[in-house]
Amino acid sequence: MIKTGLTILMIRMKRGLKIATALTIITLFSSDAYAETTFPFKFGFSVEPASTPQEVSSSIQLLLILTVLSLAPAIIIMMTSFTRIIIVLSFLRNALGTQQMPPNQVLIGLALFLSLFVMTPVINEINTQAYEPFNKGEITQEQAFRNAENAMKGFMLKQFGDDEKELAFFVSLAKIETPVRDPMDLPMTVVIPAFIINELTIAFKIGFLIYIPFLIIDMVVSSTLMSMGMMMLPPVMISLPFKVLLFILVDGWNLITQTLVSSFIT
């Protein structure tokens, strides 16, 4: 009897809650005074033609700013030292055979801060040559963009050194008149892809040199296990501690950092 009474009570409470909820919703949408208090703004969407050229120019500038912000990660990756650093660190982790150690977040964070260190002179040049004069009204917006572009272009062109075959290849594809008197006059559409290919080439060369000592350890461990008849034991299980020990003894992180930073011609 008690259970039956509780069940009937619960059913009535649920019905009452549903009725109260329905009445509240009806009251909210039917009461003009409450609606005015809750929604004091007029909602709507309309497309009207621009009445002045200034409005068109402002809309285009806003669109360009949003486009640049959306492309910011690609700009950071492709126009700075980040590509070379992260590829070399990935090669190092694969050569050690430590799987996901260090984690991707640590490698990317280290690459970002090393890139910030390497790019500090370029950032300072952009600040002094482009941002501060534009902020003071000494130069126009177009001149500020041109000065910032020249700073980035100068950094990228310095990384080619004496080997400019990638740059020459894209110059020939773009059908630009040769010989080029001043590489700074080349468009960014030529310099950026040549810079990316050059960075990939340098990063793979450094990665190859990193692989050699660890590959020797793997070969020695594998041949030793085979000579002892322990072919069922995975060589990686034995070689991994020796590779980590070698890396610690030679102060590997310091050497890798010095190599990466000094590899950029600034």
Side-chain angles (χ1 to χ4, degrees), residues 47-86 111-203 260-266:
V47 178
E48 298 179 358
S51 57
T52 60
Q54 289 76 13
E55 293 182 2
V56 178
S57 178
S58 301
S59 302
I60 294 175
Q61 290 178 3
L62 179 61
L63 179 62
L64 290 176
I65 291 174
L66 294 177
T67 303
V68 170
L69 291 177
S70 63
L71 294 177
I75 294 174
I76 294 175
I77 293 174
M78 298 303 177
M79 297 177 60
T80 64
S81 57
F82 180 83
T83 301
R84 185 189 306 184
I85 295 174
I86 192 62
L112 283 174
F113 279 100
L114 287 178
S115 301
L116 180 62
F117 177 80
V118 172
M119 299 299 296
T120 297
V122 182
I123 296 174
N124 293 336
E125 183 179 354
I126 293 175
N127 184 50
T128 56
Q129 298 295 330
Y131 176 74
E132 289 184 355
F134 174 72
N135 193 30
K136 294 177 182 178
E138 298 175 357
I139 59 176
T140 62
Q141 183 177 359
E142 291 76 10
Q143 185 64 40
F145 278 119
R146 192 176 299 111
N147 293 344
E149 177 183 330
N150 290 335
M152 292 299 302
K153 192 184 298 184
F155 167 78
M156 291 187 287
L157 291 174
K158 287 180 181 179
Q159 307 312 314
F160 292 101
D162 297 330
D163 188 7
E164 297 182 352
K165 60 178 180 295
E166 293 90 358
L167 188 61
F169 171 70
F170 282 98
V171 167
S172 63
L173 286 182
K175 294 180 171 52
I176 297 176
E177 184 181 356
T178 55
V180 179
R181 296 181 181 179
D182 187 3
M184 291 294 292
D185 295 334
L186 293 173
M188 293 293 282
T189 53
V190 172
V191 177
I192 293 177
F195 171 76
I196 296 171
I197 299 300
N198 182 69
E199 288 295 289
L200 292 175
T201 303
I202 296 175
L260 286 172
V261 174
S262 60
S263 65
F264 292 96
I265 305 172
T266 56

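For this chain, numbers begin at 1 and follow the sequence in order. All values below come from the heavy atoms of this structure, side chains included, with hydrogens, waters and symmetry mates left out.
- The structure places CG of N147 at 10.0 Å from CD1 of I126, a figure rounded to the nearest 0.5 Å.
- Considering CE of M156 and OG1 of T80, their distance stands at 10.0 Å, rounded to 0.5 Å.
- Atoms CD1 and CZ, from I202 and F264 in turn, are 8.0 Å apart once rounded to the nearest 0.5 Å.
- To the nearest 0.5 Å, atoms CG (L260) and CD1 (I85) are separated by 5.5 Å.
- Note that CD1 of I123 is 5.0 Å distant from CG of L116, once rounded to the nearest 0.5 Å.
- Heavy atoms only, all atoms of each residue included: S115 and S81 are closest at CA-OG, 3.3 Å.
- In this view, N127 and Y131, E132 satisfy the side-chain contact (heavy atoms from CB on, under 4.5 Å) rule, not counting sequence neighbours.
- Taking E149 as the reference, K153, M188 meet the side-chain contact (heavy atoms from CB on, under 4.5 Å) condition, with sequence neighbours excluded.
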Review item, side-chain donor-acceptor pairs of residues 189-198, under 3.5 Å, at least two apart:
| from | atom 1 | to | atom 2 | distance (Å) |
| --- | --- | --- | --- | --- |
| N198 | ND2 | Q159 | O | 3.2 |

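- Each salt bridge (Lys or Arg N to Asp or Glu O under 4.0 Å) pair with one or both residues in residues 137-147, not counting sequence neighbours, would appear here, but there are none.
- Residues passing the side-chain contact (heavy atoms from CB on, under 4.5 Å) test with T120 are N124, sequence neighbours excluded.
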With a 3.5 Å cut-off and sequence neighbours excluded, list the donor-acceptor pairs that the side chains of residues 165-172 form with protein atoms.
| from | atom 1 | to | atom 2 | distance (Å) |
| --- | --- | --- | --- | --- |
| K165 | NZ | D163 | OD1 | 3.4 |
| K165 | NZ | D163 | OD2 | 2.6 |
| S172 | OG | A168 | O | 3.3 |
| S172 | OG | F169 | O | 2.5 |

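- Here the closest heavy-atom approach between residue A148 and residue A130 is recorded as N-CB, 3.9 Å.
- Remark: E199 CD to M79 CE distance equals 12.0 Å, nearest 0.5 Å.
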